[in-house]
Amino acid sequence: MTANFMTKYAIEVLCANHGSLEYSELLRQVKQYFGVTDDQGLELPEDSRLLVTYGKVDSTNSSSPSMDDKKVVAVTSVRVCCQFYSTGGCSDTVCPNLHMCRHFIRGNCRFNARRCRYSHDFHSMHNARILCDGDLLDLDDSHLRVLLLQNDVSLLRGACHLYNKSNGNDEACTFEKCQRLHICQQFLNGNCRFGDKCKRSHDFEKNARIKLENQGFEHSSIPNLLSLYHNSYLINNPNHAKPKDPAPSKRRTFVNTKRNTGNEEIGVNCNEPTTCARQVPVNPKRNADSEEICVNFVAKNCRYKAKCFKHHYSLPYRWQFFNSSKWEDFSNVEQIENAYCEPSNSKSAGIQCIDFQMMICDSNQVRRLSTPSSVTKPPHVIL
């Protein structure tokens, strides 16, 4: 029994359970399949294809999270080729993505395999090569569908930004045939803190069913899609999958408050309440994507203009520092970006020296805004 065999079977079990499972239950099924007893101390292998997520950690317990606090999500790097759907199709003979019908993956293509212009075969010559490279060749079609749906962001329509920005007003969406879901974005992510008191809809079946059916999803599979949306959020936001410890840090942290006339730096202890560096306020109403630069504005075709919830800036990157009560732009953003893109640099040059590790400039917090990453967004929404 090798670690790879364990991982492959674990992925099969996860896909059979809507893409995720509690760590303890997954481990129990893996042990049972391989005939391992509890006293042998077997643990799941550390593998990039198994994302372990955590609940809140008990502040009274300094030990690591228990198995009951952990959940495992199936991850893959395999994606569906977007160029395959263009007018000319995909001409890349070594394309690393699947050439598949999206509606077939969603489970309800209105054309059969003969009439549909796109492939319905996961094991065609091209697709078999991709699945083999991803070590997924042994999975059946239903398991592959689950795995792709929660990993490929182009297959699941997200929540409508205009609907969410207006606190749940359907009329705020100006699109006559909006394809996005008029449902709470945080509920779709699985972390809405308002619960039943939320102004936005949490009725997934009622508000999303018609749109999802029009996109090719089977009616019977729609109730299970909510767990795939939760998993997709965790996969594309791995920082939210880490342990969340409510206890404050005991570590003594020093930051630079000012520079003297020489080269010596003066520091203060952040554990002292009266001398701690400025705290940056967090607005809970800001959307999760609020620190993104609008790609359409950079391309000079944003239709939302002043109503757009993303940042409008002429460049695909933006460097800012927090000054007292607001974020302000650096004057030399291009020089800072050039220094930041060089892996060997830990700081920027010039009078306003930025520490890229701590993301501070003197005593001010620094942030870098950018257009969406190709890791979290499909190719048609990035530069």
Side-chain angles (χ1 to χ4, degrees), residues 48 51 75-79 81-83 92 94-97 133 151-154 158 161 232-242 253-259 263 265 267 277-278 280 282-283 286-302 308-324 326-383:
S48 60
L51 174 65
V75 180
T76 182
S77 60
V78 175
R79 300 290 185 269
C81 178
C82 293
Q83 189 66 27
D92 188 356
V94 290
C95 177
N97 300 314
D133 292 342
N151 282 272
D152 193 335
V153 294
S154 67
H161 300 311
S232 178
Y233 176 76
L234 292 173
I235 292 170
N236 292 295
N237 297 271
N239 288 335
H240 292 269
K242 295 178 180 179
T253 306
F254 292 85
V255 298
N256 299 330
T257 56
K258 63 180 182 179
R259 294 182 185 274
N263 294 326
E265 298 177 357
R278 297 185 185 97
V280 181
V282 178
N283 185 354
R286 291 297 297 272
N287 196 281
D289 293 332
S290 62
E291 292 195 356
E292 285 185 3
I293 294 176
C294 178
V295 174
N296 294 323
F297 181 81
V298 177
K300 300 182 179 180
N301 61 359
C302 180
C308 183
F309 74 97
K310 297 185 180 181
H311 291 267
H312 281 188
Y313 195 64
S314 58
L315 297 173
Y317 53 84
R318 185 176 190 176
W319 286 88
Q320 296 181 318
F321 62 94
F322 192 77
N323 186 15
S324 298
K326 62 180 180 178
W327 291 100
E328 296 184 5
D329 293 326
F330 283 95
S331 59
N332 57 335
V333 290
E334 295 188 24
Q335 290 83 355
I336 295 173
E337 182 70 14
N338 288 336
Y340 180 76
C341 292
E342 177 56 50
S344 61
N345 290 336
S346 60
K347 295 183 179 181
S348 66
I351 299 176
Q352 294 178 306
C353 179
I354 299 176
D355 187 328
F356 294 138
Q357 302 294 327
M358 300 290 294
M359 289 301 281
I360 59 173
C361 178
D362 292 336
S363 62
N364 297 317
Q365 185 174 348
V366 175
R367 70 175 181 179
R368 178 184 181 271
L369 310 180
S370 68
T371 51
S373 168
S374 60
V375 177
T376 61
K377 301 290 183 182
H380 66 277
V381 298
I382 61 175
L383 289 178

Q: Please test Asn97 against Val78 for side-chain contact (heavy atoms from CB on, under 4.5 Å), starting from the C-alpha separation and ending with a verdict.
A: CA-CA 6 Å; Asn97 300 314; Val78 175; over 6 Å; no
Q.
Quick check: closest heavy atoms across Ser314 and Val298, and the distance to 0.1 Å?
A. O-CG1, 4.1 Å
Q. Can you tell me if Asn345 uses its side chain to pair, donor with acceptor, with the backbone of Ala339 under 3.5 Å?
A. yes
Q | Student check: side-chain heavy atoms of Val333 and Leu315 closer than 4.5 Å | A | yes
Q | Distance, nearest 0.5 Å, that separates OG1 of Thr371 from CG of Asn296 | A | 11.0 Å
Q: Kindly compute the distance separating CD1 (Ile336) from SG (Cys341), expressed to the nearest 0.5 Å.
A: 12.0 Å
(Q) To the nearest 0.5 Å, what is the distance between CE on Met359 and CG on Asn364? (A) 12.5 Å
Q) Can you tell me how far the CG atom of Asn151 sits from the CD1 atom of Ile235, to the nearest 0.5 Å? A) 4.0 Å
Q: Name all residues meeting the ring-ring contact (aromatic ring centres under 6.0 Å, His included) criterion together with Tyr340; count only those two or more places apart in sequence or in a different chain, and write none if there are none.
A: Trp319, Phe356
**Q.** Pairwise distance CG(Asp152) to OG(Ser77) - rounded to 0.5 angstrom
**A.** 11.0 Å
(Q) I'd like to check Ser331 versus Gln352 (side-chain heavy atoms, cut-off strictly below 4.5 Å). Are they in contact? (A) yes
Q | Least distance between heavy atoms, Pro372 atom then Ile293 atom | A | CD-O, 3.9 Å
Q. Which atoms form the tightest heavy-atom contact between Cys353 and Ser348, and what is the distance?
A. SG-O, 3.3 Å
(Q) If you apply the rule ring pair (Phe, Tyr, Trp, His ring centres under 6.0 Å), what do you find for Tyr313 with Phe297, and how did you get there? (A) CA-CA 7 Å; Tyr313 195 64; Phe297 181 81; 8.6 Å; no
Q. What distance do Glu337 atom CD and Tyr317 atom OH have between them, rounded to the nearest 0.5 Å?
A. 5.5 Å
Q: Please list, chain by chain and in numerical order, all residues satisfying side-chain hydrogen bond (donor to acceptor under 3.5 Å, both in side chains) with Glu342, sequence neighbours excluded.
A: Ser344
Q: Can you spot which of Lys310, Arg318, Arg368 makes a salt bridge (charged side-chain N to carboxylate O under 4.0 Å, His left out) with Glu292?
A: Lys310
Q | Where Gln357 and Asp355 come nearest, the two heavy atoms and their spacing | A | N-OD1, 2.9 Å
(Q) Can you confirm whether Asp92 sits close enough to Gln83 that some side-chain heavy atom of one is under 4.5 Å from a side-chain heavy atom of the other? (A) no
Q. Just wondering, do Phe330 and Val366 contact through their side chains at under 4.5 Å, heavy atoms?
A. yes
(Q) Could you work out, with side-chain hydrogen bond (donor to acceptor under 3.5 Å, both in side chains) as the rule, every residue matching Glu328, not counting sequence neighbours? (A) Asn323
